[in-house]
2 protein chains.
Amino acid sequence: MTPADQPRRRGRPTTPLLSQEKITQAAVELTNLRGYAALTMSALARRLEVAPSALYNHVKSKRQLLLWIQDHVNMEIDCSDFGVRPWDVALESWARSYRDAYARHSPLVPVIAVTPIAGSPHTVAMYERVAAGLRAGGWPDDQVMDVVVAVESFVLGSALDATAPDGIFDVPIDQAPALAEVVGARVGRDAARAAFDLGLATVLAGLRDRLKALGG
Amino acid sequence: MTPADQPRRRGRPTTPLLSQEKITQAAVELTNLRGYAALTMSALARRLEVAPSALYNHVKSKRQLLLWIQDHVNMEIDCSDFGVRPWDVALESWARSYRDAYARHSPLVPVIAVTPIAGSPHTVAMYERVAAGLRAGGWPDDQVMDVVVAVESFVLGSALDATAPDGIFDVPIDQAPALAEVVGARVGRDAARAAFDLGLATVLAGLRDRLKALGG
DNA sequence: ACCTGAACACCGTTCAAGT
DNA sequence: ACCTGAACACCGTTCAAGT
């Protein structure tokens, strides 16, 4: 089964230079190295040592490329606790790794929100595991997706917030005294992470209460 | 004080065709009519009956235009309950009108998240009122901004989610049985709103508990 | 000071032509 | 089937020239 065994049609080699995997890989590397502003069909083609138009033999559009990247990023999200640990513990580790992944890929956030998941196999697999885990945890079927979407909304909003520059709320004291005071009262460190931690703890506590109230 | 009273410098009339207010107004109308994809410097100029390059005498860049729109949209957000009703009631009406406003302007969401508020007067005024209201409600200074940012993250994530098409989670049963089941179990209606309602109720309940635990 | 018209650099995408 | 090179439509932005 070496290439030599396969009958060669006359002419050029049949192995294409490009593939979905190669293109996605190169695109992810490019964003990691130079950010999403540098993710251009031209730049991507240059990185793959190919003409820009060659990409269109494999990917339908730049939007589709972004969906490939999204599915790849979703592979990094940790949903392994679902089904093995309590639902709330699993939800917490899922939310944390979800936020961290998209904090590094925030330009994908607006794309996720409006794209059907059906075409993204790893994404479907992730939601399947999350849904099964919440059901097993005692959540009624008709509320599972509401819980998932609510947590996801908080996570994606937090991922955007994580990209905010320091001092985004800085303002002259005389112009907004109360605001200036509470902004100054935050301890130094990572403000976005502190807000995420507070919010996540709040959401989890609220969900536990809600499920308890349902159970009886 | 009619125009005739003002000494005319010789030559052209001194009243400019454009201004920040006129440009912002026209831009908002354009997005309401045809969506953000149609908000182009050319299209905006056409609507104002002016050459595209004329815009740049008033606005630095398209990004700055988006910030003007953002400040204008923030005027629609209702923070009037802060200071007059209990903090949690005010937080709820604020969150609801915030979500609704940005559901209609979702392309602004990624812009908000990373832009200092100082240059947007109405935005600063809004946060000032929210901060003062939470303080008056008993929240300690060093947690006020964490609460604000956490709620805001949920709100903005929900605003993006509100733009999602129906059936975004639809998937073949054999490929993801648990997911297909819980997706099918949702009652018809507005799925995004149901998730937002559940999430908001959860966040508010969690915050009330947290403040109570702090108070003693 | 403010507007016009022409120009620029760059973008995603298409397509005829080659192998 | 897959790649190249040229071309297209459109984008935000700049700038010399006019008044």
Side-chain angles (χ1 to χ4, degrees), chain A residues 3 6-28 30-31 33-70 107-108 110-111 114-115, chain B residues 3 6-28 30-31 33-70 107-108 110-111 114-115:
Chain A
Q6 302 172 5
R8 273 270 162 92
R9 284 187 270 276
R10 90 192 63 179
R12 304 283 82 218
T14 75
T15 1
L17 294 175
L18 300 177
S19 66
Q20 175 171 344
E21 290 73 28
K22 273 182 187 162
I23 292 174
T24 306
Q25 170 107 9
V28 170
L30 193 53
T31 62
L33 249 56
R34 312 198 201 279
Y36 272 84
L39 178 58
T40 274
M41 297 303 270
S42 286
L44 181 58
R46 198 177 316 123
R47 182 159 240 273
L48 289 160
E49 294 181 300
V50 107
S53 53
L55 293 169
Y56 290 88
N57 286 308
H58 302 267
V59 67
K60 201 185 82 193
S61 62
K62 184 172 182 183
R63 181 184 158 76
Q64 169 147 100
L65 171 64
L66 292 178
L67 298 184
W68 289 355
I69 299 176
Q70 184 210 320
L108 294 181
V111 181
V114 299
T115 309
Chain B
Q6 301 172 6
R8 273 270 164 96
R9 283 186 272 277
R10 88 192 66 177
R12 303 286 85 220
T14 74
T15 2
L17 295 175
L18 300 178
S19 66
Q20 175 171 344
E21 290 71 30
K22 274 183 187 162
I23 292 174
T24 306
Q25 171 109 7
V28 170
L30 194 53
T31 61
L33 249 57
R34 312 196 200 279
Y36 273 86
L39 178 57
T40 275
M41 297 304 271
S42 286
L44 180 58
R46 198 177 317 125
R47 183 159 239 274
L48 288 160
E49 293 181 302
V50 107
S53 53
L55 293 170
Y56 290 89
N57 286 308
H58 303 267
V59 67
K60 205 186 78 195
S61 61
K62 183 170 183 184
R63 182 185 157 76
Q64 168 147 101
L65 171 65
L66 293 179
L67 298 185
W68 289 355
I69 300 177
Q70 184 210 318
L108 294 181
V111 181
V114 299
T115 308

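Here is the naming used below: chain letters follow the sequence lines, and residue numbers restart at 1 for every chain.
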In whole Å, what is the span from the CG atom of B:Leu55 to the P atom of D:dC11?
-> 13 Å
So which nucleotide does D:dC3 pair with, by the Watson-Crick or G-U wobble rule with both distances under 3.5 Å?
-> none
For the student: nearest non-hydrogen atoms of A:Leu48 and A:Lys22, plus distance = CD2-O, 4.0 Å
Would you please test B:Leu65 and B:Met41 for side chain to side chain contact (heavy atoms under 4.5 Å, CB included) and show each step?
-> CA-CA 10 Å; B:Leu65 171 65; B:Met41 297 304 271; 4.2 Å; yes
Of the candidate nucleotides D:dT4, D:dC2, D:dT14, which contains the atom at the shortest distance from the side chain of A:Val50?
-> D:dT4
Test item: A:Lys62 side-chain N/O and A:Leu39 main-chain N/O as donor-acceptor pair under 3.5 Å = yes
How close or far is atom C1' of C:dC2 from atom CD of B:Glu49, stated in whole angstroms?
-> 17 Å
Decide yes or no on side-chain hydrogen bond (donor to acceptor under 3.5 Å, both in side chains) for B:Arg46 and B:Thr40, but give the supporting numbers first.
-> CA-CA 10 Å; B:Arg46 198 177 317 125; B:Thr40 275; over 6 Å; no
Should B:Thr115 and B:Arg63 count as side-chain neighbours, where that means a heavy-atom distance under 4.5 Å?
-> yes
Name the closest nucleotide to the B:Tyr56 side chain, picking from C:dC2, D:dG5, D:dG12.
-> D:dG12
Classify the side chain of A:Ser61 versus the base of C:dG12 as yes if they form a donor-acceptor pair under 3.5 Å and no if they do not.
-> no
Could you tell me the separation between the CG atom of A:Leu48 and the P atom of D:dC2, rounded to a whole number of Å?
-> 15 Å
Name the pairing partner of C:dA17, where a pair is Watson-Crick or G-U wobble with both distances under 3.5 Å, or state none.
-> none
Which whole-number value in Å describes the distance from B:Lys62 NZ to D:dT14 C1'?
-> 18 Å
Using purine N1 to pyrimidine N3 plus N6-O4 or O6-N4 for Watson-Crick, or N1-O2 and O6-N3 for G-U wobble, both under 3.5 Å, which nucleotide pairs with D:dG12?
-> C:dC8
Taking only N and O in the side chain of B:His58, is any of them less than 4.0 Å away from OP1 or OP2 of C:dA1?
-> no
Separation of atom CE in A:Met41 from atom P in D:dA7, rounded to whole Å | 21 Å
Does B:Thr40 get its side chain close enough to the base of D:dG12, under 3.5 Å, for a donor-acceptor pair?
-> no
What nucleotide among D:dC3, C:dT4, C:dC15 has an atom nearest to a side-chain atom of A:Asn57?
-> D:dC3
Provide, to the nearest angstrom, the distance between the CG atom belonging to A:Leu65 and the C1' atom belonging to C:dC11.
-> 15 Å
Nearest whole angstrom, please: distance from the C1' of C:dG12 to the CG of A:Leu66.
-> 12 Å
Distance, rounded to the nearest Å, where B:Leu44 contributes CG and C:dC3 contributes C1' | 15 Å
